[in-house]
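Each ligand, and each atom within it, is numbered from 1 in the order the structure gives. Predicted model, so just to flag it, every value in this text is computed and none were measured.
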Amino acid sequence: MSRTSKMRVVVLVSGGGTNLQALIDAVKQGEIPDTELVAVISNNAGAYALTRAEQAGIPGICLSPKNFETRALFNEELKRVIDSYQPDLIVLAGCLLQIPSALVEAYPNRIMNIHPALIPAFCGKSYYGLKVHEAALARGVKVSGATVHFVNAELDAGPIILQKAVEVREDDTPETLQKRIMVEAEWKLLPEAVKLAAEGRLSVDEKNHVHIVDAL
Ligand code: GRF
């Protein structure tokens, strides 16, 4: 990504927005350079993430599939709204929406997602929210963690940008494991990945492997 102005980021959310908050704070503190969070879009009107956006002075938009006659019409409007902000990068920060293929095609390796497990473990269809951590505990893994990846046509299968392992403890519940993964991995990894994008340091090769290159 080479640009002379700030990197424009649209963030898609569905819930509490703690990952969004990590991005807001990192941009504000200058840890992510030359970046502007230009809009936050939620499919859920009650998402606390929208309040976080408002408090940070970022336009918050609610777009719910429930308010559209068909999924196709919703998908069209979602793309139209995102396009209107001319983003360099789209970040899915706890976004439960299925991303329309037209959007993936329009923004190749420019949509990032954070997943609360070490992909390819505990990912794909039906692995979202606490279910991810329930599955990790049921399998008895000794480490789990988080993954930031680019979004492609297949769910949770795009090029992996960053991963961080987090210890699983004997007495963990899905809730305690979820919290530790957020604190120790997600809230650090997502700002770090966006920073690398802002610095133009992410390159994806023909095998869909991500390389972190030196800044120009
Ligand atoms: C996070 O665990 C994220 O990895 C997952 O959904 C959760 C969202 O949390 N995709 P928040 O809304 O950022 O607090």
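- Ligand 1 has no N or O atom lying under 3.5 Å from any N or O atom of His115, backbone or side chain.
- For ligand 1, the polar-atom distance check finds no N/O of Gln178 at less than 3.5 Å from any of the ligand's N/O atoms.
- Scanning the protein heavy atoms around atom 6 (O) of ligand 1, the nearest turns out to be Gly94 CA, 3.6 Å.
- Counted by atom type alone, Asp88 and Tyr107 present zero donor-acceptor pairs between their side chains at under 3.5 Å.
- Among protein heavy atoms, atom 12 (O) of ligand 1 sits closest to Gly17 N, 2.8 Å.
- Residue contacts with ligand 1 include Ile114, since one of its heavy atoms falls under 4.0 Å from the ligand.
- Ranking protein heavy atoms by distance to atom 14 (O) of ligand 1, first place goes to Thr18 OG1, 2.5 Å.
- Residues Pro116 and His133 approach most closely at O-CE1, 3.3 Å, considering heavy atoms.
- At the top of the distance list for atom 3 (C) of ligand 1, counting protein heavy atoms only, stands Glu186 OE1, 3.1 Å.
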Given salt bridge (Lys or Arg N to Asp or Glu O under 4.0 Å), test Lys188 with Glu192 step by step and report yes or no. CA-CA 6 Å; Lys188 295 178 182 162; Glu192 177 62 25; over 6 Å; no
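- Side-chain contact of Asn43 with Ser14: a donor-acceptor pair under 3.5 Å is present, judged by distance alone.
- Within ligand 1, the atoms closer than 4.0 Å to a non-hydrogen atom of Met182 are 1 (C), 2 (O), 9 (O), 14 (O), numbered from 1 in the order shown.
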Take Glu134 and Lys131 through the test salt bridge (Lys or Arg N to Asp or Glu O under 4.0 Å) and record every step on the way to the result. CA-CA 5 Å; Glu134 282 163 6; Lys131 289 176 195 285; 5.7 Å; no
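- Counting all heavy atoms, side chain and backbone alike, Val204 lies closest to Pro159 at CG1-CG, 4.0 Å.
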